[in-house]
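First the structure, in the form of structure tokens, and then the observations on it.
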Amino acid sequence: MASNKSTEIEDAALDSDVVGSMSDETFFQFIFFGLVLVPSVVSTLGIIFNIVNIVVYIKMGFSETINISLFGLAVADVGVQLTMIGFSVIFNPMVLTSVADMDFINALDYVVLGWPHVLFSRIVACLTTYIAFERFMCVVMPLKVKVIITPAKTVAVVTGIFSSITLCFLPAFIADQIGPRFNPRLNQTTIGLILAPNASLLEDVSLFISVFIQISSFILIVVFTTGLIRAFIRNLNWRYESSSSKNKSSSRDKALIKMVLLISVVYIASSFPDVAGTVAMLFIKEFSIKGREKNTFISVFSVFFNICSLNSTATLFINVKMSSRFHQNFLAVFKFR
């Protein structure tokens, strides 16, 4: 059970009187739009589209490193979209009105959906960084890249990203749990958020790592994408002067590079608001899930989460449009020809 200090923190976090500049009425309007209406459509499509990606990449096989990376990205995107669907379910007015105490909803939001959503989002960030790096190396070191980046090494990297980031978030999952707790407002025991005695410290560890991963990945993706564009333009003449057999390979490489560039650019555009919001958390103390501006915080990030979901949803269209091999396998798998 949590200590008295943890219970006090818990009660303060869940106290409906602790609100900042956004009223509860405006807050619930934002929540309905940002965490119920939009995710129920966008995230459902995102799950379907990324399952399609997974099926097609299994069909294509994993002899090429890019297929392994994009397969891992599709799996992580499914995780992101599943948590968004979870938000749309628990914040549905029909669910809210059937629950006597909001403590249980807040606990589900924070523990079961909130932290896992951030976890999968950071996995997406790291995988996108690796994909951009991989294509950057293909342009900068085309003759050595197949030795440096092999399928076995890529499997190890993708697996390592999933496992290491999960380990980084373990402190948060240890700090925040769901169970019976005494609710002084109702004067009875309810199911809600239980904080460990050292919850703040444990959460800060995971939060610091999360912020570091988010900002560093964003910067690296921008760097690799910029470098990829410059290197790609610089090597165009060399590619056109290569032999006919190399031209075929070059055309395939160019298509992959364009696809990765588009994936990176879409990621940069969609994740920028989320990065800006995270930076704001570092400088505005009350702008957090437990601060006075919690209504504003949740509302703002509900919008940011949906923007990121659009990124996860768009991947199928990018793959079909930019990769002829993916397009062919997509048509073959789903019998469109």
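Just so we're clear, the structure is a prediction, and the values are computed from it rather than from any experiment. Throughout, numbering of the chain's residues begins at 1 and tracks the sequence. The figures that follow rest on heavy atoms only: side chains count, while hydrogens, waters and symmetry mates do not.
Here the closest heavy-atom approach between residue A175 and residue L202 is recorded as CB-CB, 3.6 Å. Closest of all the heavy-atom pairs between G160 and S164 is O-OG, 2.6 Å. Here the closest non-hydrogen pair linking G72 and V158 is CA-CG1, 4.2 Å. Between V124 and A76, the closest heavy-atom pair is CG2-CB, 3.6 Å. Contact record, V80 with S121: CG2-N, 3.8 Å, taken as the closest heavy-atom pair. Annotation for P273 and I307: closest pair CG-CD1, 4.2 Å, computed over non-hydrogen atoms.
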Exercise for the section: Could you check Y57 against F62 for ring-ring contact (aromatic ring centres under 6.0 Å, His included), going step by step and ending with a plain yes or no? Expected result: CA-CA 8 Å; Y57 280 119; F62 302 110; 7.7 Å; no

Handout entry: Verdict with supporting geometry, L35 and S88, side chain to side chain contact (heavy atoms under 4.5 Å, CB included)
Key = CA-CA 5 Å; L35 292 180; S88 72; over 6 Å; no

Practice task
Take L73 and L70, measure what side chain to side chain contact (heavy atoms under 4.5 Å, CB included) needs, and give me the verdict at the end.
Solution key: CA-CA 5 Å; L73 182 62; L70 291 173; 4.2 Å; yes

Practice task
Evaluate the ring-ring contact (aromatic ring centres under 6.0 Å, His included) criterion for residues Y267 and F218: first the C-alpha distance (whole Å), next the side-chain angles of each, then the deciding distance (0.1 Å), finally the verdict.
Solution key: CA-CA 9 Å; Y267 176 83; F218 184 84; 7.2 Å; no

Practice task
Carefully, step by step, assess V89 and M84 under the rule side chain to side chain contact (heavy atoms under 4.5 Å, CB included).
Solution key: CA-CA 9 Å; V89 171; M84 291 301 295; over 6 Å; no

Exercise for the section: Test side chain to side chain contact (heavy atoms under 4.5 Å, CB included) on R325 and E64 and set out the steps. Expected result: CA-CA 12 Å; R325 189 179 173 205; E64 295 185 16; 3.2 Å; yes

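A distance-only check finds a donor-acceptor pair linking the side chain of S40 to the backbone of L37 [under 3.5 Å]. Looking at S323, its side chain never comes within 3.5 Å of a backbone N or O of V320 through a donor-acceptor pair. With hydrogens and angles ignored, the 3.5 Å screen pairs a side-chain donor or acceptor of S206 with a backbone N or O of C168.
Between F169 and F173, the angle of the ring planes lies from 30° to 60°, which puts this pair in the tilted group. Between F208 and F212, the angle of the ring planes stays under 30°, which puts this pair in the parallel group of the 30/60° scheme.
To the nearest 0.5 Å, the span separating CG on D204 from OG on S210 amounts to 12.0 Å. Rounded to the nearest 0.5 angstrom, S299 OG and F33 CZ are separated by 12.0 Å. Between the CD1 atom of I318 and the CG atom of L262 there is a distance of 4.0 Å, given to the nearest 0.5 Å. Separation of atoms CD1 (I161) and OG1 (T129) is listed at 8.0 Å; rounding is to 0.5 Å. The OG1 atom of T154 sits 10.0 Å away from atom CD1 of I131, with the distance rounded to the nearest 0.5 Å. The distance from atom CD1 of I213 to atom CD1 of I165, rounded to the nearest 0.5 Å, is 4.5 Å.
Using a 4.5 Å heavy-atom cutoff, the side chains of V78 and V75 are not in contact. The closest side-chain heavy-atom distance from D109 to F91 is below 4.5 Å. The shortest distance between side-chain heavy atoms of I66 and V260 falls below 4.5 Å. Counting only heavy atoms from C-beta outward, the side chains of F326 and V56 approach each other to under 4.5 Å. Two residues are said to be in side-chain contact when any heavy atoms from C-beta on lie closer than 4.5 Å; F32 and P93 meet this criterion. At least one side-chain heavy atom of I268 sits under 4.5 Å from a side-chain heavy atom of I221. By the 4.5 Å heavy-atom criterion applied to side chains, P39 and N306 are counted as neighbours. Side chains of N319 and T315 form a contact here, defined as non-hydrogen atoms less than 4.5 Å apart.
Ring-centre distance between F136 and F133: not below the 6.0 Å cut-off.
F272 and V279 fall within the same hydrophobic cluster, defined by Ile, Leu, Val, Met, Phe, Trp and Tyr side-chain heavy atoms under 4.5 Å apart, directly or through other members. Residues L331 and L316 fall within the same hydrophobic cluster, defined by Ile, Leu, Val, Met, Phe, Trp and Tyr side chains chained together at heavy-atom separations under 4.5 Å. The hydrophobic clustering, which links ILVMFWY residues whose side-chain heavy atoms are closer than 4.5 Å, places L201 and Y110 apart. Linking Ile, Leu, Val, Met, Phe, Trp and Tyr whenever their side-chain heavy atoms come within less than 4.5 Å puts M60 and V333 in one cluster. V265 and L310 end up in different hydrophobic clusters when Ile, Leu, Val, Met, Phe, Trp and Tyr side chains are linked at under 4.5 Å.
T159 pairs by the side-chain contact (heavy atoms from CB on, under 4.5 Å) definition with V155, not counting sequence neighbours. In terms of the side chain to side chain donor-acceptor pair (under 3.5 Å) criterion, residue partners of S43 (sequence neighbours excluded) are, by chain and number, Q81.
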For residues 111-120, which side-chain donor-acceptor pairs fall under 3.5 Å, sequence neighbours excluded?
unit_1: W115; atom_1: NE1; unit_2: D176; atom_2: OD2; d: 3.2
unit_1: H117; atom_1: ND1; unit_2: T83; atom_2: OG1; d: 2.8

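Of the candidates I51, L45, T44, I47 forms a side chain to side chain contact (heavy atoms under 4.5 Å, CB included) with just one, namely I51.
A salt bridge is absent between K153 and E134; no separation between the charged side-chain nitrogens and carboxylate oxygens falls under 4.0 Å.
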